Structures are given as structure tokens and as C-alpha cells.
Number of protein chains: 2
Amino acid sequence: MTVGIKEVARKANVSIATVSRVLNGSASVTQETKERVMAIVGELNYMPHAIGRALVTHKTNLLGVILPDVHSEFFSELIRGIDHAARERSYHIIVSSTHSNKKEIESMLGVMQGGHVDGLIVMSPHISADGVLKRLSPRSKLVFVNSYTNGGKFVSVAIDNFNGAYRMVDHLIGHGYEKIAIIKGEESNFDAQERFNGYLQALKKHRIRRISELEINGNFTEESGYDGMMKILKLKTKPTALFCANDSMALGALRAMHEKDIIVPGEIALAGFDDIPSAQYVLPSLTSVHVPIYELGTAAVESLLDEGKGDAPGGRKKILNTSVVKRESCGCPPGTRERVKGI
Amino acid sequence: MTVGIKEVARKANVSIATVSRVLNGSASVTQETKERVMAIVGELNYMPHAIGRALVTHKTNLLGVILPDVHSEFFSELIRGIDHAARERSYHIIVSSTHSNKKEIESMLGVMQGGHVDGLIVMSPHISADGVLKRLSPRSKLVFVNSYTNGGKFVSVAIDNFNGAYRMVDHLIGHGYEKIAIIKGEESNFDAQERFNGYLQALKKHRIRRISELEINGNFTEESGYDGMMKILKLKTKPTALFCANDSMALGALRAMHEKDIIVPGEIALAGFDDIPSAQYVLPSLTSVHVPIYELGTAAVESLLDEGKGDAPGGRKKILNTSVVKRESCGCPPGTRERVKGI
DNA sequence: ACACGCAATGTAAACGTTTACATTACATAT
DNA sequence: ATATGTAATGTAAACGTTTACATTGCGTGT
């Protein structure tokens, strides 16, 4: 039997309304009664029942977060960013690490419509936001993270995959490499697609023809990087550099090259994307594109909760800068570990 | 204006009680009415309001998870484990990645007492569970993960830090090393303490005297590993092996040794704890103690939710096995990558 | 034909708050 | 003294469900 507002009211000789007012500071209450009530509250260790409150206020102070299967650093940094920003606004977060399962997403959406959360942060790189879009009551608080949001009907935040890849490949070309292979992510993946586009754009800028046999399919796993590299090593004319659409695949490719005694970057230069922690510990250290994951999380919360601060009412898209981190694997001298900021 | 049970009831020409019964399958309803109601439910896309329901059932199907600042893989794997086990039981999880801040924990505890969550999973390696213990209503559903739980009044799950460290150091001694240094975690940290105890126990078993200058303080960060190693390298008599209480510090130590051109494991062998992903990619690959993080999460949920399955009612403690993963850094031949399972 | 039991459904209270509206008490203006 | 405004507090409805209890209708045994 937990102590409720009624018991507090009785012991303090006031009505429950007054107790409520004291607790919320919502209306004028005598200093004396205020103290009396607070004393009882402390004495009974009373805590307002969040559910009862939520039922009438229609506010749970809970945010839903739906994530696909992302690598652990992305996951934890994103959650930390979201959580921190949420806590600042006195929200808690409900996390659902679905595997991009459409049914899971809709289940969560259900939880939301069910009134359990005040807003939703969704990252679904595999599924078009459109599918989700339809089921939504138009007034739903919702923000997409790194997802397709064609139409622009929804709020979204994303990292600048395109420019990150573009600048990285541009950097590789700056080293003098021309035959630059790429191990891509899955075509259905939003990030992967954008990164590939950045790669193509960089080639285009320097008038380098794309060679389809240098465009290898991968799926963001270490294995697929290893396998992709093995394919590349079987080509008659090997590339002089390899850009992997993420670091896991770059690590896999590196392992393959170690096995085949290929010298990196001497024979083939290497660059990745994500700047995961391992990137700085492998030998040679891995040049990569740094992604502001934590900030992605805070930005999502800001977009969701800080409405009407002069923002346009319709769907907006916020893009966060990425930056090239030069290390050894691209051919930069060992000392060159400074970070090249994005524009 | 969202559609509620009343509207469904009206359109289906039944009372709200019947609609409720159909939705919950709680009592006998004619097949015919059942279908009629479900048709309307589908038509209106009605979803029960979770808050209203929770108010009367006293069940939110939400679990609170309070975590300190742990490394990203631990965080994400633990959450995945918890989330997966929770979803199987149709629970969602509220995550709070506090920084072991006592106030934060109590705030979360408040949310719980406030009725928002049905149970709580707490990991607080720095704070004695006792502090938290007092504020708790005795019937609170609560499980501790890798925390001090002296008294044993509460349910807890933990990994076998002691035996993991013990077996690892035993393995190092098996290689012939006798002067084995350790870089410890903070004394206030539960895991760190247990690991240190395992180290001591292994020395004791082999009648090796502890040498206090070989017991270096660290704090689980890469930097502290680096700094610790630098201290070790200044000793007159260097150790032949180093055991770090976690992999991050081992990576830091490795970096220091690379800088000073110390050959690993030739001059100094190295072993870590946690088996983080980087461990297998560094050169030499890092021998480490594997920790079943995902399982730790699922075990926590099981302990919390699967009560009365013949378990003792009082505080139980479940301990999950750890296992030594032999790689190159301890002196095992490069091919030896099989995993040594715990007892 | 009657009572009885049971299946199907309805009625209304309860869950723990907030808050619009009503009431009271009192100080001040007239 | 009376009216009036205002501050302090109380009353009760509302939020959206579930569920104990009441009611209805109908088949069955007598």
C-alpha cells in the first residue's frame, strides 16, 4: 500500500487539491500550509504517482527511441546524446533496439499512440520513412535520424554522409591515387547510398572514370570487408587505394591485406568511415571520417522538443558535419593525426 | 482527438466493458460480437491507451535500467541483452545512462516508485547498494548488476570477475612469467576490486610474492593504461608480464610499449579483461577475458521477471562465467585463438 | 409451466492525479 | 454597515481503462 495524495491531504488537514497545488506550485498557497504539506510529504516520503498524473495531463515525460542494429559505439554514443539532452529537459527515454524490423517499429509506434511516450526518435536506414508515415496521426511528435525522409514532411536530423565520403575520396586523390576501389554498404541502406554518392562525386570532380569492377558490394560487417578485399586482390589490375563505406569493413579489408602481405598504405592505401575507436589502434592506424554521433542524438532531441523557436513549421532537415581524420593508412605521415574539420 | 474505447463501443453497439473484454480476451464473448468489435477496432485503428490501462492494472510493462559510464560495447551489448529478454516478455525498457551519480539513481528510483516502471535493473559499481537500499519499499522489483550487494538482501547478477582474473593470471604463470605486474581499476569499483583479488589469488596459489611496485593504479581509461605502463617502464626491474584490469588500459599500455619499442610479448607479455572488439584487431592481438555481456542483460531480466520458479525468495546472486581468450599478446602462438571456457 | 444455472452483456466504481469552478474568509472601499 | 475584490481553499469532474457486481435472456431438468 503506497502512500497517495489523499493520505497526505488528510494528515495535513487540507484537500487533495491543495496538496497538488503545493507540489506543482500552480496556484497561490499560504506559506504556512505549504510548509505543513511539505512536512507531511517528507514524513511519508510521498511521491506523486506518475501514471495518475499522466492520465490527466497527457504528458508522460517519456521519449521513445527506435534504433536498428548499429555498431556498438554508434548505439551507445547516440543513446548517450539523446539521454543527456532528454534529461536536461526532464525527459526519460524508452529504448527499443529493434533490428529494423518493420513490425517492431509499428509496435513501438503503437506504444506511442497508446500515450506512453510524448515523442519518438526513429532511425530506420533500411525502410523508407514513407511506410511508417502513413500510420501516423499528423500531430505525432516524431523525428527521424539518418533515414530516408523523402517528401520532407517530417523533421529529421542526419550526418553529412555525402560530403564526408566526398572529402575523403578527394583526399585520397590528393595523395595521387587514381584507381580507387570502394566497398559499399547495402543498397537499401541510406547511409551506404549517400556515401557511395560522395565517392562518385569526388571521382567526377577529378574526371576519373568509374570502373565498375572496383565497386564492390558489402554489408557493413567485418566479414564483408574481408571478402570484398579478397575479391579485389583477384583483379588483374589492382587499385592503389580503397575506400570502405564503414570502418568495420575497412578493418576486414585490412585483415585480408595483412594475410596476403600487402603493405598498407605502400601498395594499397585504405580509408574508412565512422572513426570507430579501433581505427586509432590498428596498425597502420586507419584514416576515417569522423561522425558526430553524440551530437546527432542531442540534435534529435532538440528538434523534437524545442519547437517553435523560429523554426519553420513544416518538415525540416538538420545536417551535421562530418570530418576527415587523417591517420597512417591513407599514406599521410605518421605524425599527421590532426583532424580536418568539415566546412 | 484520438479514438477511445467509448467510440468503439458506441459504433459496435456494445458497452465499453465488452470492448475491453474482447481486447483482453478476459471473459466469454460471443463470436459474433467479438468480430463486430474487432471490425470497428480495425476500422478506427483504435489502440488502447496504455496510461489509462496502467492506472487500473498497476502495470506499465516498462522496466527501468540505470547504468553508469561503461565502455560502449558493454553498454550496447547489455542493453541489447536486456531489451531482447524484455521484449520476449512484452516489456519495454527505460534507459538512464547516469554517471553513477547518486542523485540520478534516486531520481530514477523516484520514477519507479512513481509507478512508471514495473521493475528496475541497476548497475552501480561505485556505490554500495546499501545506500540505495534504504529508500526502497521492500516489495520493489529490483535487480543489481555487477554491484556490491552485501547482505544479499537483493537479487543480483554478476560476471565472474574473480575467476576470470584468476584464470588469466594463472595462464600467464603457465607461460613461465613470474614477475607479473597489474594495472588496476579504481578501488571504489566493484569489478576492479574483484579482478584484483583474482590476480592476488593466482599469485598465492603459485606461491609468488606480491610486489607492491608492480601493482599500479589505473581507472579503466586508455590514458591511465598508458600512464601506468610508463611508470612500469621506469622501474629498475621490469616485469615479464602485465595484466590489465580491462582492455582499454591494456590498449593504452600497448601504445606505450609501441612507443618505447618494447616487443610484446617477447619482452613483456600482456593480457586484458573484457574482450572488447579492438582486442582482436590490435597487433599483437590481445589476450583477454571474455565477458558474456549480452547474457548478463538477459539474466538480469530473467531474475527480475521470472520469479517464483522455484527460486529462493530471499536475495539470490547469479554469477555468469567468464573465459580466457588466448591470443598473441600473452605469448601463445599466433594460431592459438581458441577460447578457453570457464568452469 | 417453473425454477435454475449459465452465458452474454451492461453498469458503475475504482485507479491517482489535475483543474475548472465554487466557496469561504477577510481586507478594503464606499 | 454594506458591497466588492482577492487570496486561499474545497468540491467534483475528468482523464481512459479494467473489473466486480448486477442484469438479462435462454436452454434444461423437473
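Throughout, protein chains are lettered first and strands after them, A, B, ... in sequence-line order, and every chain is numbered starting at 1. This structure is a prediction, so every number in the text was calculated from the model and none was measured.
Expressed to the nearest 0.5 Å, how far CG of A:N45 lies from CD1 of A:I40 amounts to 13.0 Å. The CE atom of A:M123 sits 12.5 Å away from the CD1 atom of A:I66 when rounded to the nearest 0.5 Å. To the nearest 0.5 Å, atom CZ of residue B:R21 and atom OG1 of residue B:T33 are 10.0 Å apart.
Remark: the B:R80 side chain and the A:S72 side chain contain no N/O donor-acceptor pair separated by less than 3.5 Å.
For A:T298, the side-chain contact (heavy atoms from CB on, under 4.5 Å) criterion is met by A:A85, A:Y294, A:E295, A:E302, not counting sequence neighbours. Residues passing the side chain to side chain donor-acceptor pair (under 3.5 Å) test with A:S20, sequence neighbours excluded: A:N24. Scored by the side chain to side chain donor-acceptor pair (under 3.5 Å) test, A:R89 finds A:D306 as partners (sequence neighbours excluded). Not counting sequence neighbours, the partners of B:N161 by the side chain to side chain donor-acceptor pair (under 3.5 Å) test are B:D191, B:R195. Not counting sequence neighbours, the partners of A:Q193 by the side chain to side chain donor-acceptor pair (under 3.5 Å) test are A:Y148.
Screening residues 107-123 of chain B for salt bridge (charged side-chain N to carboxylate O under 4.0 Å, His left out) gives B:K59-B:D118 as the qualifying pairs, with residues at least two apart or on separate chains. For residues 27-39 of chain A, no pair satisfies salt bridge (charged side-chain N to carboxylate O under 4.0 Å, His left out), with sequence neighbours left out.
Using a distance-only test at 3.5 Å, with no hydrogens or angles considered, a donor-acceptor pair links the side chain of A:K141 to the main chain of A:L304. In terms of modelled atom types and a separation under 3.5 Å, the side chain of B:S76 and the main chain of A:S76 share no donor-acceptor contact.
In this structure, B:I5 atom CD1 and C:dT11 atom C1' are separated by 14 Å, rounded to whole Å. Distance CD1 (B:I51) to P (D:dG16): 11 Å, rounded to an integer number of Å. The nearest whole Å value for the distance from the NE2 atom in A:H49 to the P atom in C:dT18 is 12 Å. At whole-Å resolution of the value, CZ in A:R10 and P in D:dG10 are 15 Å apart. The NE2 atom of B:H116 sits 13 Å away from the P atom of C:dT17 (whole-angstrom rounding).
At the phosphate of C:dG16, neither OP1 nor OP2 sits under 4.0 Å from any side-chain N or O atom of A:Y46. At C:dT18, one or more side-chain N or O atoms of A:R53 fall inside 4.0 Å of OP1 or OP2 (strictly under the cut-off). Residue B:S20 places at least one side-chain N or O closer than 4.0 Å to OP1 or OP2 of D:dT18.
Two residues are said to be in side-chain contact when any heavy atoms from C-beta on lie closer than 4.5 Å; B:D69 and B:F220 fail this criterion. Using a 4.5 Å heavy-atom threshold, the side chains of A:M38 and A:L23 count as touching.
Taking the six-membered ring where tryptophan is involved, the planes of B:H49 and A:H58 are perpendicular, since the angle between them exceeds 60° and thus also 30°.
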Show the distances under 3.5 angstrom between N or O atoms of the protein and N or O atoms of nucleotides 22-27 of chain C.
none

What N/O pairs connect the protein and nucleotides 12-15 of chain C at under 3.5 Å? Give each pair on its own line.
none

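Over its length, the helix from C:dA1-D:dT30 to C:dT30-D:dA1 turns its helix axis by 60°, as judged from the five terminal pairs at each end, rounded to 10°.
Contact annotation for A:T18: backbone-only contact, meaning every heavy-atom pair under 4.0 Å involves sugar-phosphate atoms and none involves a base.
When distances run from any side-chain atom of B:R21 to the nucleotides C:dG10, C:dG16, D:dG16, the shortest one goes to C:dG10.
Contacts between residues 33-40 of chain B and DNA chain C, defined by a heavy-atom separation under 4.0 Å, are made by B:T33. Interface residues of residues 22-31 of chain A facing DNA chain D, ordered by number: A:S28, A:V29, A:T30; criterion, heavy-atom separation under 4.0 Å.
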